[in-house]
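As structure tokens, the structure follows; a few thoughts come after it.
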Amino acid sequence: MENCLFCKIAAGQIPSNKLFEDDTLLAFYDIDPQAPVHFLVIPKQHIDSAASLTEDHAELLGHVFAVIAKLAAELQLENGYRVVTNVGEDGGQSVKHLHFHVLAKRSLAWPPG
Ligand code: AMP
Ligand code: ZN
């Protein structure tokens with residue numbers, strides 16, 4: 001999608017600090033980390049947010065969580081981590097391309113602010 005920051009990152013038009021890439025997904029470190037480990041996992045395909053997901057995305061979402069589990073093991077996040085996807089204004093979504101935050105290496109408060 002034109003003028004979408006994460007589509008441009010997925011296409012390599014804007015640089016990112018990549019952790020993992022395949023045909024369907026990209027994982028890269030967040031530019032403004034909120035924890036000692038903070039990376040994002042995005043589908044290369046443009047999807048506005050989790051509000052646009054359907055049953056047709058089941059395989060993609062399974063792959064997202066399998067990649068997160070693999071990266072968490074590689075990064076030795078055995079003490080735990082949080083996976084978050086923000087949706088819309090009240091959810092605090094600033095980039096309108098589906099992304100999963102993975103935060104780790106500090107104790108994370110609950111409920112979130
Ligand atoms: P959200 O607020 O949930 O939409 O999350 C968007 C995230 O993208 C924020 O945590 C930003 O710090 C992050 N972000 C914005 N621009 C970039 C960039 N160029 N590279 C990496 N992360 C980015
Ligand atoms: Zn996009």
Side-chain angles (χ1 to χ4, degrees):
M1 185 184 241
E2 260 180 64
N3 288 326
C4 171
L5 173 65
F6 285 177
C7 280
K8 288 181 181 165
I9 287 178
Q13 292 161 3
I14 291 177
S16 64
N17 188 1
K18 283 179 207 174
L19 267 159
F20 174 85
E21 181 171 18
D22 67 12
D23 288 348
T24 54
L25 298 184
L26 182 66
F28 56 99
Y29 284 105
D30 197 290
I31 205 167
D32 181 20
Q34 301 302 311
V37 172
H38 183 181
F39 63 88
L40 304 173
V41 180
I42 64 168
K44 289 190 168 178
Q45 164 198 4
H46 182 89
I47 298 170
D48 289 339
S49 77
S52 299
L53 293 170
T54 70
E55 299 290 347
D56 292 341
H57 297 107
E59 190 178 338
L60 175 70
L61 291 173
H63 188 44
V64 165
F65 280 89
V67 165
I68 289 172
K70 179 181 100 76
L71 292 174
E74 286 174 11
L75 294 170
Q76 299 180 300
L77 307 184
E78 60 280 331
N79 214 38
Y81 53 94
R82 184 169 294 165
V83 183
V84 178
T85 189
N86 297 323
V87 180
E89 196 179 334
D90 281 359
Q93 185 182 7
S94 62
V95 178
K96 307 293 189 265
H97 178 128
L98 177 66
H99 51 281
F100 295 85
H101 296 260
V102 180
L103 300 132
K105 294 284 187 192
R106 71 171 171 86
S107 180
L108 297 158
W110 191 265

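The chain is numbered in sequence order, starting from 1. Heavy-atom basis, side chains included; hydrogens, waters and symmetry copies ignored. Just follow the structure's listing: the first ligand is 1, and inside any ligand the first atom is 1.
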Check whether more than 12 heavy atoms from other residues, nucleotides or ligands sit under 6.0 Å from atom CG of Asn79, and answer yes or no. no
In a check of side chain to side chain contact (heavy atoms under 4.5 Å, CB included) between Phe100 and each of Leu25, Val64, Val84, which one passes? Val64
Taking distance alone, with N or O pairs closer than 3.5 Å, would you say Ile31 contacts ligand 1? yes
If you look at every heavy atom in Ser49 and Leu98, which pair is closest and at what distance? C-CD1, 3.8 Å
Of all the non-hydrogen atoms in the protein, which one sits nearest to atom 10 (O) of ligand 1, and at what distance? Asp30 OD2, 2.5 Å
With heavy atoms of Asp32 as the reference, note each atom of ligand 1 found under 4.0 Å away. 12 (O)
Taking a cutoff of less than 4.0 Å between a non-hydrogen atom of the residue and any ligand atom, is Gln34 in contact with ligand 1? no
Ligand 1 N/O within reach of Gln93 N/O, cut-off under 3.5 Å: no
Contact with ligand 1 for Ile9, non-hydrogen, under 4.0 angstrom: yes
Report, rounded to 10°, the angle at the Zn ion (ligand 2) between the two atoms SG (Cys4) and ND1 (His46). 110°
Looking at Gln13, I'd like to know if its CD atom is crowded, meaning that more than 12 non-hydrogen atoms belonging to other residues, nucleotides or ligands lie closer than 6.0 Å. yes
Are Leu60 and Val67 connected in a single hydrophobic cluster, I mean Ile/Leu/Val/Met/Phe/Trp/Tyr linked by side-chain heavy atoms less than 4.5 Å apart? yes
Taking only non-hydrogen atoms of Tyr29 and a 4.0 Å limit, the atoms of ligand 1 in range are 21 (C)
Check this for me - ligand 1, His38, N or O atoms closer than 3.5 angstrom, yes or no? no
Would you name the heavy atoms of His101 and Asn86 that are closest together and state the gap between them? NE2-ND2, 3.6 Å
Is the number of heavy atoms from other residues, nucleotides or ligands within 6.0 Å of CD (Glu74) greater than 12? yes
Note: Phe6, heavy atoms under 4.0 Å from ligand 1, region reported as side chain
If you take all heavy atoms of Ala35 and Ala104, which pair is closest and at what distance? CB-O, 3.5 Å
What's the verdict on ring pair (Phe, Tyr, Trp, His ring centres under 6.0 Å) for Phe39 and Tyr81, showing C-alpha distance, side-chain angles and the deciding distance? CA-CA 11 Å; Phe39 63 88; Tyr81 53 94; 8.2 Å; no
Please indicate whether any nitrogen or oxygen in Leu5 is less than 3.5 Å from any nitrogen or oxygen in ligand 1. no
With carbon and hydrogen excluded and only N/O/S kept, which atom of His97 is nearest the Zn ion (ligand 2)? ND1
Determine, using the 4.5 Å side-chain heavy-atom cutoff (strictly less than), whether Ile47 and Val87 are members of one ILVMFWY cluster. no
Tell me which one of Ser16, Gly92, Ser94, Gly88 gets a heavy atom nearest to atom 4 (O) of ligand 1. Ser94
At a 4.0 Å cut-off, with the gap strictly under it, does some heavy atom of His101 reach an atom of ligand 1? yes
Check contact between Leu40 and ligand 1, using heavy atoms of the residue and a distance below 4.0 angstrom. yes
Give me the nearest non-hydrogen protein atom to atom 1 (P) of ligand 1 as residue plus atom name, then the distance to 0.1 Å. His99 NE2, 3.1 Å
